[in-house]
Undergrad: 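Have a look at this one before I ask anything.
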Amino acid sequence: MAGLQIPLDHVLLLATLLFACGLAGLMSRRNIIFMLLSLEVMLNAAALAFVAAGAHWGQADGQVIFMLILAVAAAEVSVGLGLVLQVQRRLKSLDMDGADRMRG
Amino acid sequence: MMEVLFYIAAFIALAATVLALTRSNAAHALIFLIVSLLAVAVIFFLLGAPFAAALEIVIYAGAIMVLFVFVIMMLNLGEAGEQREKQWLQPRSWLLPALLALILLVEMVTILATIDTQTSGIGVSPKEVGLQLFGPYVLAVEIASMLLLAALVGAYHLGRGFIDRSKGKR
C-alpha cells in the first residue's frame, strides 16, 4: 500500500460525483451525442473506482477490470455512433425525442 | 504533496466534466471531456497504476474521442459547418480547456521530477496486470474479444447504408 497516500474514501467520492454528473447529463440532455458522452463519463467513473480499489489493496484485479471496461466502452461507442449516423439520416436531427415511436 | 496533486486533478476532472455536459456545442464539449479524461489519467498515475493511466490516454482520450470527432465532423457538412469552423478557431472556445490541460501538465512534470527512483516500487506494475489478465481472467479476455467482434459487425452494419449513400450509389 506504499502507492496510496491518498485516502480511498476521497477517490470513491470523486468517482461517485463523476458518475452522478454523467447520470444527470444522461437524463437531462436530449441530444444523442451528449447522451453517449454521458455514458462515457459514467463508465469512466466506474473504472476509476475499480482502479482505486485495486491500488488500495495492492492487487492487479482492479486494473484488469479497468481494461475490460475499456473494451466495453469501445464496443458501446462504435455501435452508438453508428446509431447516431442512422438517426441523423432518418430523423434529420439528433433529438432523441423524435425517436420515441417504434414502427410496430 | 501527493494529496494536493490529487485534489487539484480531482477538481479539474469534476469541473471539466460539468462544463462538458453543459455545453451546447458538441465540439466544445469534446474538448472539455478530453481534459477530464486527462485529469483521470493523472489520478491513475498518482494511485500507482501507470499502465492504466497510459491506456486511459491512448484508448479513451485518443481512440474513442477521435471517433466522436469523426462523427461530429461527418454531421456538420456544408456552409453552416464552415461558419462554425471559423467560430471554433476563436481563442474564447479553447482557452479554458487549454488552461486546465496546462495545469495537468505542470502536475505531471512535478510528479515525474519528485518521484524519480520510487516509481518502480510503487503500486501495481504492468507485469502483474498481464499475469492476472492471462491467468485467472483469460476467459474474460476471450469474452471481451467476442464483444469487440460483435461491435465491429454491428457498427459495420449500421454504417453501411450511410457509406453507400454518401458515395451516391442509391
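Residue numbers start from 1 in every chain, and the chains themselves are labelled A, B, ... in the order their sequence lines are given, proteins ahead of strands.
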Undergrad: With chain A, which of Thr22(B), Leu147(B), Leu37(B) has the greatest number of heavy-atom pairs at distances under 4.5 Å?
TA: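 When all of Thr22(B), Leu147(B), Leu37(B) are compared, Leu147(B) has the most.
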Undergrad: Do you know which of Ala144(B), Ala52(B), Ala150(B), Ala20(B) has the most heavy-atom pairs under 4.5 Å to chain A?
TA: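 Of Ala144(B), Ala52(B), Ala150(B), Ala20(B), Ala52(B) has the most heavy-atom pairs under 4.5 Å with chain A.
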Undergrad: Is it the side chain or the backbone of Val40(B) that comes within 4.5 Å of chain A heavy atoms, both, or neither?
TA: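 For Val40(B), side-chain heavy atoms alone lie under 4.5 Å from chain A.
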Undergrad: To the closest 0.5 Å, what do you measure between CG (Leu12(A)) and NE2 (His56(A))?
TA: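 The NE2 atom of His56(A) is 9.0 Å from CG of Leu12(A), to the nearest 0.5 Å.
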Undergrad: Would you give the length of the straight line joining atom CD of Gln86(A) to atom NE2 of His157(B), rounded to the nearest 0.5 angstrom?
TA: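 Atom-to-atom, Gln86(A):CD and His157(B):NE2 are 7.5 Å apart.
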Undergrad: Side chain from CB out, backbone as N, CA, C, O: work out which of these in Glu40(A) comes under 4.5 Å of a heavy atom of chain B, or both, or neither.
TA: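 Its backbone and side chain both get close to chain B.
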Undergrad: Can you tell if the side chain of Tyr60(B) reaches within under 4.5 Å of the side chain of Leu43(A), non-hydrogen atoms only?
TA: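 Counting from C-beta outward, Tyr60(B) and Leu43(A) do come under 4.5 Å.
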Undergrad: Among Val41(A), Leu48(A), Val72(A), single out the residue with the greatest number of heavy-atom pairs under 4.5 Å to chain B.
TA: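 When all of Val41(A), Leu48(A), Val72(A) are compared, Leu48(A) has the most.
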Undergrad: So Leu152(B) and Ser78(A), do their side chains get closer than 4.5 Å, heavy atoms only?
TA: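 Heavy-atom side-chain distance check fails, nothing below 4.5 Å.
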Undergrad: Would you check if Arg23(B) and Ile31(B) make a side-chain contact, meaning some heavy-atom pair closer than 4.5 Å?
TA: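 Sidechains of Ile31(B) and Arg23(B): no contact.
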Undergrad: Could you give the distance from CG (Leu95(B)) to CG (Leu99(B)), rounded to the nearest 0.5 Å?
TA: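 Between atom CG of Leu95(B) and atom CG of Leu99(B) there are 7.0 Å.
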Undergrad: With respect to chain B, which residue among Leu83(A), Leu70(A), Ile33(A) yields the maximal number of heavy-atom pairs within a distance under 4.5 Å?
TA: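 Of the candidates given, the most pairs with chain B belong to Leu70(A).
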Undergrad: Who among Leu14(B), Val18(B), Leu133(B) has the most heavy-atom pairs with chain A under 4.5 Å?
TA: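 The answer is Leu14(B).
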Undergrad: Which answer fits Leu26(A), side chain, backbone, both or neither, if we ask what part of it has an atom under 4.5 Å from a heavy atom of chain B?
TA: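 Nothing of Leu26(A), per the 4.5 Å heavy-atom cut-off to chain B.
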Undergrad: Less than 4.5 Å apart, any side-chain heavy atom of Leu37(A) and any of Leu30(B)?
TA: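 A side-chain contact under 4.5 Å exists here.
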Undergrad: Among Phe70(B), Phe6(B), Phe51(B), which residue has the highest count of heavy-atom pairs closer than 4.5 Å to chain A?
TA: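 Top count of heavy-atom pairs under 4.5 Å with chain A: Phe6(B).
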Undergrad: Measure distances from Leu68(A) to the heavy atoms of chain B and classify the residue's part below 4.5 Å as side chain, backbone, both or neither.
TA: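 When you check distances to chain B, only side chain atoms of Leu68(A) fall under 4.5 Å.
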Undergrad: Under 4.5 Å from any heavy atom of chain A, what part of Leu33(B) do you find: side chain, backbone, both or neither?
TA: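 Side chain only.
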Undergrad: If you count heavy-atom pairs under 4.5 Å between each of Gly154(B), Gly130(B), Ala10(B) and chain A, which one has the most?
TA: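 So the answer, after comparing Gly154(B), Gly130(B), Ala10(B), is Ala10(B).
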Undergrad: Using non-hydrogen atoms and a 4.5 Å limit, figure out which bit of Ile65(A) sits close to chain B: side chain, backbone, both or neither.
TA: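 Only the side chain of Ile65(A) comes within 4.5 Å of chain B.
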Undergrad: Rounded at 0.5 Å granularity, tell me how far CG in Leu13(A) sits from NE2 in His10(A).
TA: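 It is 7.5 Å, given to the nearest 0.5 Å.
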Undergrad: Can you tell me which portion of Val79(A) sits under 4.5 Å from chain B's heavy atoms? Options are side chain, backbone, both or neither.
TA: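 Contact with chain B involves both backbone and side-chain atoms of Val79(A).
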Undergrad: Heavy-atom cut-off 4.5 Å, strictly under: side chain, backbone, both or neither for Leu5(B) against chain A?
TA: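 Neither; nothing under 4.5 Å.
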Undergrad: Go through the atoms of Leu55(B) and report whether side chain, backbone, both or neither lie under 4.5 Å from a heavy atom of chain A.
TA: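 It is both, since atoms from each part get that close.
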Undergrad: Mind checking whether Met42(A) and Leu18(A) have side chains closer than 4.5 Å, heavy atoms only?
TA: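 They are not in contact (no side-chain heavy atoms under 4.5 Å apart), so the answer is no.
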Undergrad: For the backbone of Val51(A) and the side chain of Gln63(A), can you confirm whether one donor and one acceptor N or O come within less than 3.5 Å of each other?
TA: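 Not confirmed, Gln63(A) side chain does not pair with Val51(A) backbone.
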